[in-house]
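Please read these numbers as outputs of a predicted model, since none were measured by experiment. One-based numbering, in listed order, for ligands and for the atoms of each.
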Amino acid sequence: MRSSPRRTRRYAAVLALPLALTLNALPVLADPSPQPVPPDRVSGTAQNGVALMRVVVADQAAVDRLVSLGVDLAEYTKPVDGGVEVHAVLSPGEAQGLRDQGFDVRDAISDQGDYAANLAERRQALASAAADAAETDMLTPLRAEWFTSLDGQSFLSAEVKSSAADAQTVLTATWDSGPGTAPGSGGTTTMSRFTDAGQYMYHRFSAPVPVAQVPTKVTVTSSRGGSVTVPVTKWLGERRKPPSKHYVSDFVDHYMDPTEVTGRITGLAEQFPKIAEIVDLPYRTNGYRRAAQAQFGSGTGAAAASTFYVSSKAYGSEGGNDVSVALVRPATTGTPLSVAVTGGNVAVTLATDASGAIGSTAAQVVAALNGDAAASALLTAATYRGNAGNGLVAEAPATRLTDGLLAPATVSRRPFQMKALRIGRHRDGSKVGVFLYCQEHAREWVTPVTCVETAERLLRNYNEDPATRRLVDDLDIFVMPTANPDGGHYSMYDFNMQRRNMTDHCPVANGDPGRRNSWGVDLNRNFTVGSVFDGFNGASTTCTSDTFGGPSELSEPETRNQVWLVDTFPNIRFAMNTHSYGGYFMWPPGAYKTAGRETLPRADFGTESFFWNASGHILSAVQDWRGTAIWPGRTGPVVDVLYSAAGNSADEHWYNRGIIGWDFEVGADVYDQATKQYRAVGFQPPFEEGHEEAMEFAGGQIAILEVAREYGEDHHRPDSRLKELAKDDTSVTFTFTTDEPANVYYTLDGGRPTLNSPKLAAAGMREGAQRITVNQTTEVHWFAVDIAGNVEKNYKPDGAGDNYNKETVKVRGRR
Ligand SMILES: [Zn+2]
């Protein structure tokens, strides 16, 4: 904490800053005589604009200079492009004083607006905590499950929601050690409070807890007095039929670049013409290519003023790499700045004064190059990151521009023809379509080999394996192994952490070669639903951000190709967007607005139930390969289990077209028996691990096809029941149950139920079906519709028949 005398002294030192024009004024600061507090930093509730500001300095010596100036620095330094970022508490006057001395004072990290909001939030939290403290909380069990993972280790996982949302509420879980054992004999753990966008969600185990014996019940108690006991159910492990003895798998033995992957599916289409074909997507990518560039000057610190860079007009591969620039010191004195061009060679003769000293600034050289017709036909020049460019440039030998791209010549530098492999016996739009796509994010190298493995399994098992034949005969499958080919090449050959495509949408201030790994659009943020342009959270409008949503929705050919595919083949009802890593299975909604955590609409209760049912089947298939269990806490809507991802493709497909849009994150954490710790696998594990992930999630993709086929073949009509849950003299509470995931439409006024009648909702996130309470004897009418559209008893909701369900709910005290 700060003491006010110290503050006063420091302000006194800083006060002198606006008076000092250069750092030579330091002796003034050493003057020990007391000085008045500057008016803009008087303590008070309004804070007078004092803010935590980002300051970027060239090096540690400059940090020391800030310290010696008495600047109030936070305990934080971060190496950044061109120096060190530190954070300083500054008033507007102090900030200006530092700027006047040439310090690069940037934006505020938190200002008094945040401060006021923080205080208001704190007051509210204290008030609601005080209100809650008097009351015992109510605990709602969301789930308690056990599963086995690698090596047969058993794990326990639980989630419980307290009615008291404040951080003082502590939930503790205890469990037994199997049937007939004492409660609490198995173990105990404090649960962690899960919040998102500032909102309390529920309490959970931070990671599943290894258990020696599978418990039968978990009891959760709250520090506020609430308590609930939940039976433990089994998660996954549904016994699957072993594939037939002819079933073949394991077709990938190395990471593949997008050129190889595309060649592979093209070859498959040629080899299996009866059941497969290539779909050429209409929009060519920008291509694995870049302008060639050269930078003169280091750009760091004071050198930024004398630094500039040039970019070729033609892509490097199309002549840009043949351009060169020289900065020549003339032999004679008193020479003006001039530019001469011979072929691709640009020579800038720098101005000299009477003594022969160079007198051309970076800005002058930039203007001369851009103003020369021959030079500007070859290149454009710019000062460094928006610098005014008032520093004098140095002479430099002829420097060849380069696009810097390192991929071998087998990778084309032309716009890329994206392809999808269409697999199906009847590819005429009559079958349910499934769209499997991989590698939206370039660095997720396991994903394209997962898509390839799935395609190979379908084609190579078609003749011998009846289950595979059913999938290929009854479905229309589109496999796009790389949704981001340019970025994929760049990730493999140039910058392995590349996430986005390669297209540079940055203005010249961020166009220098040092930014080459910071360009591109995050394709999974470039779609049209819940996008950053609609005000949703989890994408950026900053061109150098790794979640840059692009200049506009669908600005990129890669994303337009996806939309074209689902529009062109409207029989597509399911989509799986495979990413890496962490081991997730997710569905919409995938985005929310930060304020109030307002999500895109949640799926209705019947659809959500269908998703949970399907996840059991799909994740058991993932588990089949080597026992990996996707955690219950990593299964569910994206916004509940991961984060908000504004403008993602699954939301695009679901909200615009009703396509069930699922997401995988391959690469579940691996449990290390020796250390008893989970270990994250990363984007590019050694192929030995990457191969295992591809095998298990190809199994998951096949299981998605099984779910889709079942949906296509589902002619079973759902059956529903009314179930009373509670009853007293004045009311009855009931809900509906169904024999398969389905939506229930009901009326309480004796009317005929239709698709416009109230629909049974979810009670809350993961809390089961809504409970309906009536206070008088009520005639309930209802019917159920399953996810494939089958209506209970063949009732026609828009017809005139009365073959819906009817039941009278009797309230004792009244009639
Ligand atoms: Zn990803």
- Under a 4.0 Å N-O cut-off, is there an ion pair linking R457 with E453? yes
- Is the NZ or CZ atom of R143 positioned over W235's six-membered ring, under 6.0 angstrom from the centre and within 45° of the axis? yes
- Item | Within 45° cone of F683 ring axis and under 6.0 Å: R499 NZ or CZ | no
- Query: Sorted by chain and residue number, which protein N/O/S atoms are under 2.8 Å from the Zn ion (ligand 1)?
  - Reply: H441 ND1, E444 OE1, E444 OE2, H579 ND1
- Task: Anything under 30° is parallel, anything over 60° is perpendicular, the rest tilted; go ahead and classify W587 against F611.
- Result: tilted
- Task: Check whether any side-chain heavy atom of I423 sits under 4.5 Å from a side-chain heavy atom of L459, and report yes or no.
- Result: yes
- Message: Could you check whether D663 and N577, counting side-chain N and O atoms only, form a donor-acceptor pair closer than 3.5 Å?
- Response: yes
